[in-house]
There are 2 protein chains.
Amino acid sequence: MKLTTKGRYAVTAMLDLAIHAKDKPVTLQDISGRQGISLSYLEQLFAKLRRNELVKSSRGPGGGYQLQEPASDIAISRVIDAVNESTDVTACGSKGNCHNGQQCITHDLWCELSEQIHSFLSSITLQTVINKQQAKEQVELLDNREQNNTFILSQVS
Amino acid sequence: MKLTTKGRYAVTAMLDLAIHAKDKPVTLQDISGRQGISLSYLEQLFAKLRRNELVKSSRGPGGGYQLQEPASDIAISRVIDAVNESTDVTACGSKGNCHNGQQCITHDLWCELSEQIHSFLSSITLQTVINKQQAKEQVELLDNREQNNTFILSQVS
DNA sequence: TATTTACCCTAGTAATTTAGTCGGTTATAA
DNA sequence: TTATAACCGACTAAATTACTAGGGTAAATA
């Protein structure tokens with residue numbers, strides 16, 4: 001499990017698709033404009049996303065990309081794994097052929113942690129993130145209304 | 001929140017400390033030998049860990065590093081944040097001054113996710129990871145014993 | 001006090017990854 | 001047929017990672 005800006009770009013682009021490609025495909029040009037990611041970098045990312053069957057493409061005018069599955073079926077971990085080629089984390093390549101047993105203990109510990117992070121990100125889907133955000137906006141809306149009602153108090157804090 | 005090999009090295013080293021520096025300090029030389037990380041790279045990482053008050057050092061012969069707090073009080077997120085200088089994730093620098101509202105939606109979504117990952121890693125301490133690993137070893141021990149009892153069956157699968 | 005031991009700091013550097021450019025080709029809809 | 005937009009590969013600048021080198025400084029032991 002690796003979590004870099006590359007994975008963030010991929011997740012961001014997938015979220016953009018989930019939001020904007022409901023009925024008709026969305027072009028990379030659109031995503032590029034909205035999210036501030038260069039077109040050719042998006043092309044590279046989407047080649048991987050396509051190979052991993054996370055998006056489907058249609059060519060020609062009116063073409064573009066769509067999610068291959070509903071947003072509620074696409075876990076964040078799948079998106080990140082798709083663009084971050086699998087990296088062998090351990091020094092010994094998980095073969096357990098370290099010189100002495102001691103040496104591998106913390107490797108195992110890290111693998112255990114990495115596994116936990118992975119399974120956590122497997123439990124979160126694109127839809128989860130969108131829902132969470134919408135809920136947050138609701139709260140903020142209520143907060144703002146509350147704030148207007150108690151304007152003087154809010155200035156104190 | 002960023003999760004790279006750099007953070008992994010830091011967590012690995014901290015886990016090594018948690019395990020080996022119970023009573024007396026552990027030298028970076030020892031960690032370097034056990035974990036296969038170069039000494040001067042460790043020095044760089046530990047400079048940051050020290051600045052973030054995660055470890056304490058003692059000089060002179062018999063000196064080295066120890067955790068500054070019990071392993072059960074040190075969350076993984078703190079270790080990773082300590083070595084990965086805080087990076088502004090959003091294009092607009094979280095200022096919300098994007099050209100149009102649309103543009104920032106997925107930025108917000110990513111921040112929300114990033115926050116979730118961070119709070120998840122805040123809930124896991126060095127001790128958690130060690131305990132989890134020990135529990136796993138227990139299960140494997142039982143599995144192996146079971147396997148010996150049903151040796152013929154295990155050869156089939 | 002002298003010397004060992006180990007932390008501390010800066011600068012530089014090779015390797016890798018990230019992010020982007022360029023120049024095309026193929027498929028498709030209007 | 002023409003414009004559109006996905007697809008493809010090679011190449012490159014910038015940033016980051018992982019490491020090296022070397023000269024300090026502080027503390028403990030003898």
Side-chain angles (χ1 to χ4, degrees), chain A residues 2-13 17 20-21 24-68 80 82-91, chain B residues 1-13 17 20-21 24-33 35-66 68 80 82-89 91:
Chain A
K2 215 170 68 173
L3 201 59
T4 63
T5 45
K6 196 175 188 179
R8 200 187 76 227
Y9 277 134
V11 172
T12 299
L17 270 196
H20 295 101
K24 57 174 68 174
V26 158
T27 68
L28 294 187
Q29 207 98 34
D30 287 349
I31 299 177
S32 172
R34 270 195 296 268
Q35 306 304 333
I37 311 170
S38 88
L39 180 60
S40 13
Y41 195 45
L42 276 176
E43 283 184 349
Q44 285 174 42
L45 296 179
F46 272 79
K48 292 182 178 183
L49 293 172
R50 208 178 71 95
R51 274 197 288 275
N52 283 268
E53 296 175 346
L54 290 170
V55 297
K56 59 186 170 189
S57 63
S58 47
R59 293 180 157 193
Y65 286 96
Q66 282 177 301
L67 298 183
Q68 193 150 3
I80 292 172
V83 295
N84 290 336
E85 254 88 72
S86 66
T87 46
D88 245 349
V89 180
T90 53
Chain B
M1 193 82 245
K2 217 169 68 174
L3 201 60
T4 62
T5 45
K6 198 176 188 179
R8 199 186 77 226
Y9 276 134
V11 172
T12 299
L17 271 196
H20 295 101
K24 56 174 68 175
V26 158
T27 68
L28 294 188
Q29 208 99 35
D30 287 349
I31 299 178
S32 172
Q35 306 302 334
I37 311 171
S38 88
L39 180 59
S40 7
Y41 195 46
L42 276 177
E43 283 185 349
Q44 286 173 43
L45 295 179
F46 272 78
K48 292 183 177 184
L49 292 173
R50 210 179 72 93
R51 273 198 289 276
N52 282 270
E53 296 175 345
L54 291 170
V55 297
K56 58 185 172 191
S57 62
S58 48
R59 294 178 156 194
Y65 285 97
Q66 281 176 303
Q68 193 150 2
I80 291 172
V83 295
N84 288 336
E85 254 87 72
S86 67
T87 44
D88 243 349
V89 180

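Lettering of chains follows the sequences in order, A, B, ..., and the numbering in each one begins at 1. Just so we're clear, the structure is a prediction, and the values are computed from it rather than from any experiment.
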* Asked: Could you give the OH-to-C1' distance, from B/Tyr65 to C/dC8, as a whole number of Å?
  -> 8 Å
* Structure fact -> Looking only at C/dT18, D/dT17, D/dA6, the nucleotide nearest the A/Asn84 side chain is C/dT18
* Using a cut-off of 4.0 Å on non-hydrogen atoms, how would the nucleic acid contact of B/Gly62 be classed: base, sugar-phosphate, or nothing? -> nothing
* Under 4.0 Å between a side-chain N or O of A/Arg50 and OP1 or OP2 of D/dC7? -> yes
* Once you round it to whole Å, what is the distance between P of C/dT17 and NZ of A/Lys48? -> 10 Å
* **Residue met sooner reading DNA chain C from 5', once A/Thr4 and A/Arg59 are mapped to nucleotides** => A/Thr4
* What's the CG-C1' distance between B/Leu45 and D/dT17, to the nearest Å? -> 10 Å
* Base, sugar-phosphate, or nothing: which does A/Leu28 touch, judged by heavy atoms less than 4.0 Å apart? -> sugar-phosphate
* **Minimum-distance pair of heavy atoms, taken over all atoms of B/Gln66 and B/Ala21** => NE2-O, 3.7 Å
* Could you state the atom-to-atom distance from CZ of B/Arg8 to P of C/dT17 in whole Å? => 12 Å
* Would you mind telling me which residue lines up with the more 5' stretch of DNA chain C, A/Ser38 or A/Ser58, judged by nearest nucleotide? => A/Ser38
* **Distance, nearest 0.5 Å, that separates CG of A/Asn84 from NZ of A/Lys48** => 7.5 Å
* Structure fact -> Rounding to 0.5 Å, atoms CD1 (B/Ile31) and CD1 (B/Ile37) come to a distance of 7.5 Å
* To do: For the pair B/Phe46 and B/Tyr65, name the ring-plane relationship: parallel under 30°, tilted 30 to 60°, perpendicular over 60°.
  => tilted
* Asked: Hey, which of these two, B/Gly60 or A/Ala47, hits DNA chain D nearer its 5' end, going by closest nucleotide?
  -> A/Ala47
* Structure fact -> Whole-Å distance, B/Gln66 CD to C/dA6 P, equals 14 Å
* Choosing from D/dA6, C/dT5, C/dG20, which nucleotide comes nearest the side chain of B/Pro61? -> C/dT5
* To do: Whole angstrom is fine here: how far is it from OH in B/Tyr41 over to C1' in D/dA21?
  => 17 Å
* How many Å lie between CD on B/Gln29 and C1' on C/dT4, as a whole number? -> 14 Å
Look for any protein N or O under 3.5 Å of an N or O in nucleotides 9-11 of chain D and output each such pair with its distance, or none.
none

* Within the structure, does a side-chain N or O atom of B/Lys6 lie under 4.0 Å from either OP1 or OP2 of C/dT17? -> no
* Structure fact -> What one should report as the nearest heavy-atom pair of A/Ala82 and A/Leu49 is CB-CD2, 4.0 Å
* A/Gln29, CD: over 12 other non-hydrogen atoms inside 6.0 angstrom -> no
* Provide, to the nearest angstrom, the distance between the CG atom belonging to A/Leu42 and the P atom belonging to C/dT18. => 15 Å
* Asked: Roughly how far apart are B/Asn52 CG and B/Gln68 CD, rounded to 0.5 Å?
  -> 10.5 Å
